[in-house]
Amino acid sequence: MNIIVTGGAGFIGSNFVRMALSQRPEWRVIVVDALTYAGNLENLDGLEKTYSGRYRFAKADVADSAAIEKLFEQESPSIVVHFAAESHVDRSVLGPMDFVRTNVLGTATLLDAARKSWRDKAGRFLQISTDEVYGALGDTGAFTEATPLAPSSPYSASKASADLLALAYHKTFGLDVVITRCCNNYGPYQFPEKLIPFMISRFVDGEKLPVYGNGMNVRDWIHVEDHNRGVLLAIEKGRPGEVYNLGARCERNNIDIVRSLLKLLLTAKGKPAVDLDSHITFVKDRPGHDWRYAIDPSKAERELGFRPEVRFEEGLAKTVQWYLENEKWWRDVQSGAYRDYVSKVYGA
Ligand code: NAD
Ligand code: TYD
């Protein structure tokens, strides 16, 4: 069975591809990725050799309808798992149009190719989405699948648009679409612009760790392996046209995460984990910064049997260790363009 994984060279996608190849021997995985700044072939190192015959990499832009239709003709996929996206909120503030193009037009292009390809055969489209489509919460409550969409950033608005298109293709054309909406992921191969790997890289570089606002904003965290376990379950057990929230009931405020990282990093460097706040600088808040996210994953637990396995403290310690052991990887992905981006967001 052929399965197309878009965005398979990115953080969550590459972790998914490794999991799928090792746990689903009956699948042949075709990674479709444009290799933007966030996509790296190094993230897929060794797979060609280990899984030859069951793995293909195709460089293509999901918004390029000719390239996507050709891939559908060549591969006749039974499943599309759509991870490809522009994924970083701060970049969407600097340049929203790339987000509209990839996340909205790209998703529409894939949905339409699937509609044409699956006229005479069954196929399932798994739309990978985010809890950010629900907007911000106050101090209490959690997002359920019935929470109205109220995105704040160009990133989350483009993801919400993509979700609505996917649901419309289900209602109008009967396309077998399932949507998962997950909370903040962490783990290996995350591009060092997102909170956890960014702070680790700053610490290693001897720089202060920039916390937005007062650091009290809350995110709900899940290890990437647990997210991907949920994606596999949604592919295999999800009901057509349904949305499943994925989360691990692990809310933390940003300042606590940064302090936990500092403790782990200082200890790893053989230094006493004291005076943590001397490593932190509070910087100007992100425009439209969502206050709090919290996912209610009850539906996925009930219907899919979803059970996250990684305890946050353990997963965070392993992640810190991974970044310390893989400094070459995160230095290699930090191109000149990346450094230019950092100075735009944080100042010189
Ligand atoms: P990422 O930025 O690390 O990777 C995105 C991948 O998509 C890269 O490999 C990139 O090259 C590729 N890509 C970008 N534009 C493309 C295009 N036009 N055509 C083809 N490929 C393109 O992102 P991620 O963190 O791995 O997120 C993957 C998906 O999961 C996204 O859809 C995101 O919205 C969703 N998600 C992420 C999180 C999170 O915490 N990171 C949480 C919930 C949902
Ligand atoms: P991020 O990893 O960008 O994910 P998202 O915005 O999609 O939730 O940010 C997580 C939280 O950390 C968010 O509240 C913003 C905050 N943050 C900082 O305080 N400083 C930083 O340098 C970054 C990148 C994020």
Side-chain angles (χ1 to χ4, degrees), residues 5-17 31-41 43-44 58-64 67-68 81-93 98-99 101-103 105-107 109-110 127-133 136 152-153 155-156 158-159 162-163 180-187 189-199 201-202 209-222 224 227-228 231 245-247 252-255 257-258 280-286 288-293 295 333 342 345-346:
V5 179
T6 74
F11 161 49
I12 307 176
S14 62
N15 279 286
F16 178 80
V17 168
V31 172
V32 176
D33 198 295
L35 298 180
T36 68
Y37 80 93
N40 285 286
L41 284 178
N43 301 5
L44 298 162
K59 184 171 187 297
D61 181 337
V62 290
D64 176 347
I68 294 302
V81 189
H82 178 34
F83 288 98
E86 287 293 338
S87 68
H88 191 44
V89 174
D90 293 321
R91 282 183 192 262
S92 82
V93 176
D98 287 345
F99 286 71
R101 187 179 174 283
T102 289
N103 300 0
L105 185 61
T107 304
T109 303
L110 285 164
Q127 161 69 2
I128 304 292
S129 189
T130 163
D131 58 359
E132 300 191 29
V133 298
S152 308
S153 69
Y155 163 64
S156 50
S158 67
K159 293 294 292 186
D163 288 11
T180 54
R181 294 190 179 133
C182 191
C183 57
N184 285 62
N185 284 222
Y186 68 98
Y189 298 102
Q190 186 165 35
F191 194 83
E193 63 187 354
K194 305 274 166 62
L195 179 73
I196 290 174
F198 184 66
M199 296 299 168
S201 69
R202 291 283 286 208
L209 313 194
V211 172
Y212 297 158
N214 61 6
M216 294 309 284
N217 297 62
V218 174
R219 295 293 180 266
D220 195 351
W221 293 91
I222 190 169
V224 64
H227 178 184
N228 283 330
V231 173
N245 283 352
L246 299 177
R252 296 283 186 282
N253 60 36
N254 294 336
I255 191 71
I257 299 259
V258 173
I280 294 172
T281 169
F282 290 91
V283 298
K284 194 162 78 63
D285 209 354
R286 168 189 281 173
H289 195 177
D290 283 336
W291 175 246
R292 173 172 163 264
Y293 302 141
I295 273 273
V333 302
V342 170
V345 175
Y346 300 92

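Both counts, for ligands and for their atoms, begin at 1 and track the order of listing. In what follows, every heavy atom counts, from backbone to side chain, and hydrogens, waters and symmetry copies are set aside.
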Table of N or O contacts for ligand 2, cutoff 3.5 Å:
unit_1   : atom_1 : unit_2 : atom_2 : d
ligand 2 : 2 (O)  : L195   : N      : 2.8
ligand 2 : 3 (O)  : R286   : NH2    : 3.0
ligand 2 : 4 (O)  : N184   : ND2    : 3.4
ligand 2 : 6 (O)  : R286   : NH1    : 2.5
ligand 2 : 6 (O)  : R286   : NH2    : 3.3
ligand 2 : 7 (O)  : E132   : OE2    : 2.5
ligand 2 : 8 (O)  : N184   : ND2    : 2.9
ligand 2 : 8 (O)  : R219   : NE     : 2.7
ligand 2 : 12 (O) : N254   : ND2    : 3.4
ligand 2 : 14 (O) : R219   : NH2    : 3.3
ligand 2 : 14 (O) : N254   : ND2    : 2.8
ligand 2 : 14 (O) : H289   : NE2    : 2.7
ligand 2 : 19 (O) : Y212   : N      : 2.8
ligand 2 : 20 (N) : P210   : O      : 2.9
ligand 2 : 22 (O) : P210   : O      : 3.3
ligand 2 : 22 (O) : Y346   : OH     : 2.6

May I ask whether G106 places a heavy atom under 4.0 Å from ligand 1? no

Going by heavy atoms, is F83 under 4.0 Å from ligand 1? yes

Enumerated ligand 1 atoms positioned under 4.0 Å from heavy atoms of [X]:
{"X": "T130", "result": "43 (C), 44 (C)"}
{"X": "N184", "result": "40 (O)"}
{"X": "D61", "result": "17 (C), 18 (N), 19 (N)"}
{"X": "K159", "result": "31 (C), 32 (O), 33 (C), 34 (O)"}
{"X": "A60", "result": "19 (N), 20 (C)"}
{"X": "Y155", "result": "33 (C), 34 (O)"}
{"X": "S129", "result": "43 (C), 44 (C)"}

One residue to check: [X]. Relative to ligand 1, which of side chain, backbone, both or neither has a non-hydrogen atom less than 4.0 Å away?
{"X": "S14", "answer": "neither"}
{"X": "A63", "answer": "neither"}
{"X": "F11", "answer": "both"}
{"X": "E132", "answer": "neither"}
{"X": "L35", "answer": "backbone"}

Can an N or O of [X] be found at a distance shorter than 3.5 Å from an N or O of ligand 1?
{"X": "N40", "answer": "no"}
{"X": "T36", "answer": "yes"}
{"X": "D33", "answer": "yes"}
{"X": "A84", "answer": "no"}
{"X": "H82", "answer": "no"}

What residue and atom, counting heavy atoms only, is the protein's closest point to [atom], and at what distance?
{"atom": "atom 19 (N) of ligand 1", "answer": "V62 N, 2.9 Å"}
{"atom": "atom 40 (O) of ligand 1", "answer": "N185 N, 2.9 Å"}
{"atom": "atom 4 (O) of ligand 1", "answer": "G10 CA, 3.5 Å"}

Side chain to side chain, [X] and [Y], heavy atoms closer than 4.5 Å:
{"X": "T109", "Y": "V62", "result": "no"}
{"X": "D61", "Y": "R101", "result": "yes"}
{"X": "V89", "Y": "E132", "result": "yes"}
{"X": "R202", "Y": "V342", "result": "yes"}

State which residue, out of T180, N184, N185, N15, fulfils the side chain to side chain donor-acceptor pair (under 3.5 Å) condition with H227. N185

Tightest non-hydrogen contact, residues G247 and C183, listed as CA-SG, 3.7 Å

If we ignore hydrogens and angles and just use 3.5 Å, is the side chain of T102 paired with the main-chain N or O of F99 as donor and acceptor? no

Within this structure, what is the [atom1]-[atom2] distance for the pair [X] and [Y], rounded to the nearest 0.5 Å?
{"X": "K194", "Y": "F11", "atom1": "NZ", "atom2": "CZ", "result": "8.0 Å"}
{"X": "K284", "Y": "H289", "atom1": "NZ", "atom2": "NE2", "result": "12.5 Å"}
{"X": "T6", "Y": "I128", "atom1": "OG1", "atom2": "CD1", "result": "8.5 Å"}
{"X": "T130", "Y": "I295", "atom1": "OG1", "atom2": "CD1", "result": "8.0 Å"}
{"X": "R181", "Y": "D163", "atom1": "CZ", "atom2": "CG", "result": "4.5 Å"}
{"X": "D98", "Y": "Y155", "atom1": "CG", "atom2": "OH", "result": "14.5 Å"}

Identify which of I128, T6, V81 has a heavy atom lying nearest to atom 30 (O) of ligand 1. I128

I want to confirm something. Looking only at heavy atoms, which of G7, S87, A85 is nearest to atom 5 (C) of ligand 1? A85

When you check the side-chain N and O atoms of E86 and N103, is any donor under 3.5 Å from an acceptor? no

Does NZ or CZ of R219 come closer than 6.0 Å to the centre of the six-membered ring of Y186, within 45° of the ring's axis? no

Between N245 and D131, is the side-chain contact (heavy atoms from CB on, under 4.5 Å) condition met? List the steps. CA-CA 7 Å; N245 283 352; D131 58 359; over 6 Å; no

Could you walk me through whether Y212 and Y346 pass side-chain contact (heavy atoms from CB on, under 4.5 Å), step by step? CA-CA 10 Å; Y212 297 158; Y346 300 92; 3.1 Å; yes

